[in-house]
Amino acid sequence: EEATAKRKDAHLDLCATGDVEPAENTTLLECVRLVHCAMPEMAVEEVDLSTEFLGKKLRYPLLITGMTGGTERAGVVNRDMATLAERHGLAFGVGSQRAMAENPQAADSYVVRQVAPTVPLLGNIGLYQAVELGVDGVQRLAEAINADGMALHLNAGQELTQPEGDRDFRGGYKVVEGLVRVFGSRLLVKETGCGIGPEVARRLVDLGVRNLDVSGLGGTSWVRVEQLRASGVQAQVGAEFSSWGIPTAAAIASVRRAVGPEPRLVASGGLRTGLDAAKVLALGADVAGMALPLFRAQQTGGLEGAEQALAIILSGLRQALVLTGSKSCEELRRKPRVIMGQLKDWLEAL
Ligand code: FNR
């Protein structure tokens, strides 16, 4: 358990200041252009982005995705992020609850209900930790923080770059099946920056998964984070694979095409602006997710720093709606958009 806490702190340090977003990685959102409307015929205040997520109402279709927990420092991050979500009507997820499964005293750092009573809240556990804990164990983790849903994270790329990581990825769908039985529509399956593609998405949806976060390539790279901690073979292979993954724009567009309109789709991975969020919403996401930008703003400026960063994002998102002449996400989705270059190639192949 001490090893888990230590690793988590090293991860936070690297994410706060390290080069965890390799410059050559891209979401391919630069290949998406929303089309300007010179006569919007609407007021900014008419933009209504409210939606439903995990049975609760959101004022903005935004999720602050799971990052941390298990230490005092992590507790501050979780409470600040949850506070932001409550203030603005967003959804929030805690980071991997492995640390609290190993050490019940770490639970406090995940408990955010006191500051986020109305927020759709996600617990979080890795696929292979879920095997160890069993469905009952995972259910207890969700209950302990009074979560509305459970995020199950997939991270094969990270595990392979981690010296102490998993090496056997058999039986994953079986685990998901068991969790669907317990959590039903409250289960969300997410990647962690390498993307979920249409084939995996379809299989998960066929098993009854109702919520997916594609978490694609282009932002925080967990292969890179582990590469920065690794040495020898792992460091070298990590360098080789730090741009591995399905770019976020390709993942969300192809997954929406594959699974139809029903499943709730979150798009995250490298979204940094309100315009980025608008683009994934146009490509088929119900909710846009962000981790690193809000984490970094919080680490340098505390809650108010994160508040300022979020204000810029929300303002950009509203502006994108107005300048495409859209009052809602549904209207935005019906507007034309241009898909260029490499993204076109990806969407042809997927
Ligand atoms: C993460 N992420 C993550 N995901 C998860 O499911 N469980 C976790 O414990 C963590 N931990 C974590 C810590 C920190 C500091 C960051 C920045 C991220 C992954 C995160 O939820 C998201 O999928 C990716 O980071 C991609 O989004 P961004 O960071 O590019 O916006």
Side-chain angles (χ1 to χ4, degrees), residues 1-28 64-78 81 93-99 102 106 109 124-129 153-167 169 190-195 213-248 251 268-272 289-301 305-306 309:
E1 63 200 54
E2 207 179 298
T4 304
K6 239 195 183 143
R7 184 169 63 237
K8 286 284 151 191
D9 253 359
H11 284 162
L12 285 192
D13 283 335
L14 281 168
C15 286
T17 55
D19 174 24
V20 297
E21 299 183 279
E24 63 275 19
N25 289 4
T26 168
T27 58
L28 290 182
I64 304 173
T65 66
M67 285 183 265
T68 196
T71 61
E72 222 165 282
R73 175 182 177 192
V76 176
V77 174
N78 277 336
M81 294 298 141
V94 298
S96 171
Q97 290 175 268
R98 180 181 192 170
E102 292 173 357
S109 60
N124 189 297
I125 198 71
L127 177 59
Y128 296 91
Q129 282 98 59
H153 72 254
L154 315 178
N155 65 341
Q158 178 187 10
E159 294 290 344
L160 288 175
T161 318
Q162 203 172 285
E164 67 276 29
D166 284 314
R167 294 289 180 273
F169 303 106
K190 74 187 287 288
E191 240 287 344
T192 45
C194 290
D213 177 350
V214 298
S215 192
L217 179 73
T220 311
S221 163
W222 283 91
V223 175
R224 171 61 70 99
V225 172
E226 296 301 347
Q227 177 211 331
L228 295 171
R229 292 175 59 234
S231 55
V233 175
Q234 244 112 28
Q236 302 232 9
V237 181
E240 196 180 318
F241 281 82
S242 63
S243 298
W244 179 265
I246 306 169
T248 297
S268 72
L271 310 190
R272 298 296 174 259
M290 291 189 196
L292 195 69
L294 295 170
F295 171 70
R296 284 202 162 159
Q298 189 274 348
Q299 290 289 293
T300 53

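Along the sequence shown, residues are numbered consecutively beginning with 1. Keep in mind that this is a model prediction, so the values were computed, not measured.
A distance of 10.5 Å separates CG in Leu154 from CZ in Phe169, rounded to the nearest 0.5 Å. Within the model, atoms CD of Glu21 and CG of Leu292 stand 5.0 Å from one another, a figure rounded to the nearest 0.5 Å. Of the inter-residue distances, the one linking Ser109 atom OG with Lys8 atom NZ reads 11.0 Å to the nearest 0.5 angstrom. Separating the OG atom in Ser96 from the CD1 atom in Ile125 is a distance of 4.5 Å, to the nearest 0.5 Å. Atom CE of residue Met290 and atom CE of residue Met67 lie 11.0 Å apart, to the nearest 0.5 angstrom. Here the CD atom belonging to Glu102 is positioned 12.5 Å from the CD atom belonging to Gln97, to the nearest 0.5 angstrom.
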### Message
Could you go through Ser243 and Asn25, starting from their C-alpha distance and side-chain angles, then the distance that decides it, and tell me whether this counts as side-chain hydrogen bond (donor to acceptor under 3.5 Å, both in side chains)?
### Response
CA-CA 6 Å; Ser243 298; Asn25 289 4; 2.4 Å; yes
### Task
Report the C-alpha separation of Arg7 and Arg98 in whole Å, then their side-chain angles, then the decisive distance to 0.1 Å, and conclude whether the side chain to side chain contact (heavy atoms under 4.5 Å, CB included) test is met.
CA-CA 12 Å; Arg7 184 169 63 237; Arg98 180 181 192 170; 3.4 Å; yes
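Gln234 places no side-chain N or O within donor-acceptor distance of the main-chain N or O of Thr161, the cut-off being under 3.5 Å. Looking only at distances, a side-chain donor or acceptor of Arg167 sits under 3.5 Å from a matching main-chain atom of Glu159. When atom types are taken as modelled, the side chain of Arg224 and the backbone of Asp19 share a donor-acceptor pair closer than 3.5 angstrom.
Between Ser221 and Gln227, the closest side-chain pair of non-hydrogen atoms is not below 4.5 Å. Side-chain contact between Arg229 and His11: present, with at least one pair of heavy atoms (C-beta onward) separated by less than 4.5 Å. At a threshold of 4.5 Å between non-hydrogen side-chain atoms, the residues Val77 and Gln298 count as touching. Here the side chains of Glu191 and Val214 are not in contact, with every heavy-atom distance at 4.5 Å or above.
Using a cut-off of 4.0 Å between Lys/Arg side-chain N and Asp/Glu carboxylate O, Asp13 and Arg73 are scored as salt-bridged.
With no hydrogens or angles considered, no side-chain donor-acceptor pair links Gln299 and Arg296 at under 3.5 Å.
What you find for Thr65 and Asp213 is that their closest heavy atoms are CG2-OD2, 3.7 Å. Between Gln158 and Trp222, the shortest heavy-atom contact is NE2-CE3, 3.4 Å. The nearest pair of heavy atoms linking Val225 to Leu14 is O-CD1, 3.6 Å. The two residues Ala297 and Gly305 have their closest heavy-atom pair at CB-O, 3.7 Å. Of all heavy-atom pairs between Gly70 and Ala99, the closest is CA-CB, 3.9 Å. Here the closest heavy-atom approach between residue Asp166 and residue Leu160 is recorded as O-CD2, 4.0 Å.
Counting non-hydrogen atoms of neighbouring residues, nucleotides and ligands closer than 6.0 angstrom, the CD atom of Glu72 reaches no more than 12 such neighbours.
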